[in-house]
Each structure stands twice: as structure tokens, then as C-alpha cells.
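One structure below.
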Protein chains: 2
Amino acid sequence: MKMTGKPEATWRMPNQLASMISELRHLVREKTFRAGEQIYAQGEPSNSFYFVVSGLVQISIFRIDGVEIVLEKMGPDTICGEATAFAGLPSFSSAVATEPTTVLEFEARRLPDLFREHPEFALILLRLTSLKQRVLALRLEQMVSNKPEERVLELLTRLGEMFGTRHAKGNMVRTRLTHEMIAAMTGVSRVTVTRTLKRMRESGTLYLDDGYFVISPAHAERLDVG
Amino acid sequence: MKMTGKPEATWRMPNQLASMISELRHLVREKTFRAGEQIYAQGEPSNSFYFVVSGLVQISIFRIDGVEIVLEKMGPDTICGEATAFAGLPSFSSAVATEPTTVLEFEARRLPDLFREHPEFALILLRLTSLKQRVLALRLEQMVSNKPEERVLELLTRLGEMFGTRHAKGNMVRTRLTHEMIAAMTGVSRVTVTRTLKRMRESGTLYLDDGYFVISPAHAERLDVG
DNA sequence: CGCTGACAGTATCCGGCGATACAGCGCCGA
DNA sequence: TCGGCGCTGTATCGCCGGATACTGTCAGCG
């Protein structure tokens, strides 16, 4: 199951999908976005979902108080917006290209015809939405706790599973994350992120190498049961 | 879009699905569970998902520290376990029948054949998983905040949208919920739930009638944007 | 070479939630 | 009728995260 990724991305998908997508060019329209442009907006319904070809797309929820919660940063070979397109309800999140980005736009209403010919495509989509559901549930599991260490560790562990590489001290997370980004993704304040990371380094849970996080193996298996 | 429900359930689905399910009897196996019996267990992979015919199924996540987080209580005409069956990964949650329950067991591996004949069934499943994803994301949005009022209000508002009935003072939530259950679903302590509900009653956000919660209209539209 | 801005680290203070303990209350069954 | 139990309401206390403000550091760039 080879995967692709981007340094700042927080999500990746099996290449299997990317190859399948290429068979479906007749269904899609290519679109390009400049850095800062919005792909879809929170609160608006949509019939399309998007496959990121290149670039980086930030998925976030804006709370009523204006606080932005970053759900994911989707790199190449990932899809987004599918939940909105399938559920037929206003989007719960918005997507903004944080750098020049090219996407393929799929229209959900064309899917029934497609499924007749390619039932395996339906299974792939089901698998993808189920994976997202799973990750959201696991994030929720950590979020109910107000302990910042759990919140941060959940994020880093997940990224470690997705992008991790072997390292003498454990699992190295190959995603560049500022403390502020971690704060936006975990819902704790930036100051607390700094404090927490320090604590974790002192307790041996975490290790820093060249600006990358390394998670000690003793803590990395934490999510395997879920 | 008619729906059915149970007094203690926290989820419901369009009847459209129930009628569709009846066409698929040849694919399924009926199973019954006594109160307290487990339908599937957290941590174990599974190829099956379940359609609840009658009874009540509690979906929860057990954290490493033993704390139980209740995700939903699924009543009749709902499905559960589909994310695990589709993703092919260990289940992030466990399902326990809290009263005598009958379910239909679907096997995910038979789906491709089914989709070829009934592509619309794939769309329905996609819609259901997308709805769950949406609800999880919205719950996450509230969970990042540590304010108990937001957490509790998110739950009640959602139940109000699903089960709400007109009431002089606003939207009445027709789901029986103990403070303890709210605590297990929102991740705040039982004591804080009591405190918070009192505050909300005093501020006019919430109203109590015959043991049911009534949400003032001014606060009920809060989630409409998401 | 120094300016600037983004990011990381740290201190102080306050508010509020969790833990714990206990009292009131209503329902149900012996 | 009484006792037990599950649920709600409330008090006390300790702890810790958010807000705020400030400093230090490094990179990029004129």
C-alpha cells in the first residue's frame, strides 16, 4: 500500500485510488486555485467533491465565535468535500488552498451510473468515508478529555502512523507543524501546546530531531486498540 | 422524510432505508441479543454491519483509563458497525444491546455484487456514513471548547433536530436523558452537567417540561450554519 | 549588517471544572 | 408502609488551562 504525501499534509490515501481516478477523467473537470482561494465554503451545500492533484488544501471549521479549527491539511492524492456532496446538507467545513493547487471536481449526481459499471469505486468511496469517520471518532475520544497531553499525543500519534519513519528513538513524524497549527488542530491554546510539548520531552514521551517530532515507542502503540 | 424512533435513542434515519433493507433479506442473517450482550467489540475487526430491527444498541468507546464515552444509542431502523466493516480496521467502538434487540447482519464482502444490481444502495450507504461523519465533525467542533455549556447544547440541539417537536417555549427534545448519560456523551462530569443545565435554565436557554428538555428558539438555530 | 516578522519559551493571574462528599427526592418493590 | 436505590442538587477544595504580556531566537531580505 504505497502512499504519497506532502511535508505539511496531515492526510494521505492509498495510491490505489489515484490510479482509479485516472480512469474516470471523462467524469471530472480540472480546476486550479491560487494560494488563499476557497474551494468550498462552510454552510453552503455542494454536489461536488474534489480530488487533490497537487498543492495543499486546509479543511477547517469556523466556530460562531470566529475561532478556526483545522481538521486536516489535505495534500496530493486525497479527496475532500465528499461528505457534503453525499449527505446533501450544508457543508460543516470550508476548504482553502494554502498554496497553488490543482483539483479534479467530481459531481456526485453522476455516481449512480458510475457505480453500475464500477461497483468497486463505490467500495473505495465507502472505505474512504469510513476512514474519515474513524479518525474523527478517535479524535473525539481524545477531545472529551481536557488534558492537553492527550490531545496533542493523539494528533502526533496519528500523523506518526500515517507519515512515520523509523528513528533510533521511536517513530518520527515527517510533518512540519508549528505550535500554533497544533493548537488549531487540538483546540488548546498555543501557550499550552508549548508547555505540553516541553513536559512530554522531559518525561521522555517525545523527542525532537531537526525540528521533527519523534514519539517514543512506549506511547506509539496507544491507539492500536481503537 | 418520515422517521421512526425510540424514547432513549439518539439517532434516526430516513424510512427510505428501512424499505430498501426489506428487499435484501436474502443477503442477511437475523440475530437476537439479550440486554447486556455485546454485538461487536472495540479493537476487533469485523466484516459485518448491522441494521437494528428492534431494541436499543449503545455505541461507546472505552478509553485507556476505562472511561466510557457514549457515542450514540441506536434505536430501530438505524445501522451501526459499517465504518469498521468498510475500513477493514479494528473497530474504534463497541456495541452493546441495552435491551432485548434484534438486528440484521450484513456482510460487507457481498456488497460489490449488490452494488452492480442496486447502485442506489451504494449511494444510501455513502449518505449514511457521510451523515455520521458530519455529526462527528460537529461534535468535535464543540468538543474543542472546554465550555460545558457548548458541549451540552450541541448534544441537545442535535437531538432537537432529530427528535424535536413543537412546543410553546421552543423545540422539545423527546429523548430521555439522565445527567449521567449527558455526561458520558459530552465528556464533562455529571456534577458539571447538573450545574450547567441549571445555569441554562436560569438564562432562558433551556426549559424543562415533564422531564423533557425544551430548547429556546434563539439557541436552536445555532448549528444551522454548519 | 541591521530590521522585521514569525515562532518558541516563560511568567502571572484568574476562573472554573473535576473530585469528592453528602443531602433531598421520588419510584418501586417487599 | 417502609426501605433501598437511582437520580438530582449543592458545597468545598485543589489544580490547571486560558488570557495576556513579554522576551528570546532565527530566517529572510533590504
Side-chain angles (χ1 to χ4, degrees), chain A residues 7-8 35-36 58 63 65-70 73 98-99 142-156 173 175-203 206-214, chain B residues 7-8 35-36 58 63-70 73 98-99 142-156 173 175-203 205-214:
Chain A
E8 313 88 352
Q58 178 164 315
R63 292 165 51 89
D65 55 17
V67 175
E68 176 179 11
I69 301 157
V70 177
K73 301 191 85 170
T98 54
E99 48 183 79
Q142 301 311 121
M143 287 298 200
V144 299
S145 160
N146 291 334
K147 293 175 187 152
E149 177 153 343
E150 296 186 18
R151 295 193 177 199
V152 172
L153 201 54
E154 192 277 337
L155 175 63
L156 294 181
V173 179
T175 303
R176 290 278 180 198
L177 287 171
T178 67
H179 292 191
E180 200 146 16
M181 181 56 68
I182 295 176
M185 295 188 76
T186 56
V188 298
S189 73
R190 200 275 308 169
V191 175
T192 302
V193 170
T194 302
R195 266 198 301 239
T196 304
L197 289 175
K198 186 190 175 192
R199 264 182 240 162
M200 290 166 71
R201 261 180 293 147
E202 283 168 358
S203 72
L206 202 67
Y207 186 79
L208 228 84
D209 188 343
D210 192 27
Y212 290 105
F213 296 111
V214 180
Chain B
E8 313 86 354
Q58 178 164 316
R63 292 167 49 90
I64 0 80
D65 54 18
V67 176
E68 177 179 9
I69 301 157
V70 177
K73 301 190 85 168
T98 54
E99 48 183 80
Q142 301 312 119
M143 287 298 202
V144 299
S145 160
N146 291 335
K147 292 175 188 152
E149 178 153 342
E150 295 185 20
R151 295 194 179 199
V152 172
L153 202 54
E154 191 278 335
L155 175 64
L156 294 181
V173 179
T175 303
R176 289 277 180 199
L177 288 171
T178 66
H179 293 190
E180 199 147 15
M181 181 55 69
I182 296 176
M185 296 187 76
T186 56
V188 299
S189 74
R190 200 276 308 169
V191 175
T192 303
V193 170
T194 301
R195 264 198 304 242
T196 304
L197 289 176
K198 184 189 174 191
R199 263 182 239 160
M200 290 166 72
R201 262 180 293 148
E202 284 168 359
S203 72
T205 311
L206 201 66
Y207 185 78
L208 226 84
D209 189 343
D210 191 28
Y212 291 105
F213 297 111
V214 180

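Throughout, protein chains are lettered first and strands after them, A, B, ... in sequence-line order, and every chain is numbered starting at 1.
Here the P atom of nucleotide C:dA8 and the CG atom of A:Leu206 are 13 Å apart, to the nearest Å. D:dC15 atom C1' lies 13 Å from atom CG of A:Asn146, rounded to whole Å. As a whole-Å value, the separation of A:Met181 CE from C:dA6 C1' is 13 Å. Nucleotide D:dG18 holds its P atom 14 Å from the NZ atom of A:Lys147, rounded to whole Å. Counting to the nearest Å, the C1' atom of C:dG9 and the CZ atom of A:Arg199 are 14 Å from each other.
Residues satisfying the side chain to side chain donor-acceptor pair (under 3.5 Å) criterion with A:Ser189, sequence neighbours excluded, are A:Thr192. Taking the side chain to side chain contact (heavy atoms under 4.5 Å, CB included) definition, one finds that B:Asp210 meets it with B:Tyr212, sequence neighbours left out. Contacts of B:Arg199 classified as side chain to side chain contact (heavy atoms under 4.5 Å, CB included), with partners at least two apart in sequence or in another chain: B:Arg195. Applying the side chain to side chain contact (heavy atoms under 4.5 Å, CB included) test to B:Ala184 and every residue at least two apart in sequence or in another chain returns B:Val70.
Using a 4.0 Å cut-off, some side-chain N or O of B:Thr192 falls inside it from OP1 or OP2 of C:dG18.
Across all strands, B:Arg151 comes closer than 4.0 Å to no nucleic acid atom at all (heavy-atom distances).
With rounding to the nearest 0.5 Å, the separation of CE in A:Met200 from CG in A:Leu206 is 5.0 Å. Here the straight-line distance linking atom CZ of A:Phe213 with atom CD1 of A:Ile182 works out to 4.0 Å at 0.5 Å rounding. The distance from atom CD of A:Gln142 to atom CE of B:Met143, rounded to the nearest 0.5 Å, is 12.0 Å. Taking CG of B:Leu177 as the start and CG of B:Leu156 as the end, the distance is 7.0 Å to the nearest 0.5 Å.
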Nucleotide-resolved protein contact map, nucleotides 4-12 of chain D, B/S/- at heavy-atom distance under 4.0 Å | ----BBBB-
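Summary for the helix from C:dC1-D:dG30 to C:dA30-D:dT1: the axes at its two ends, each from 5 pairs, differ by 30° when rounded to the nearest 10 degrees.
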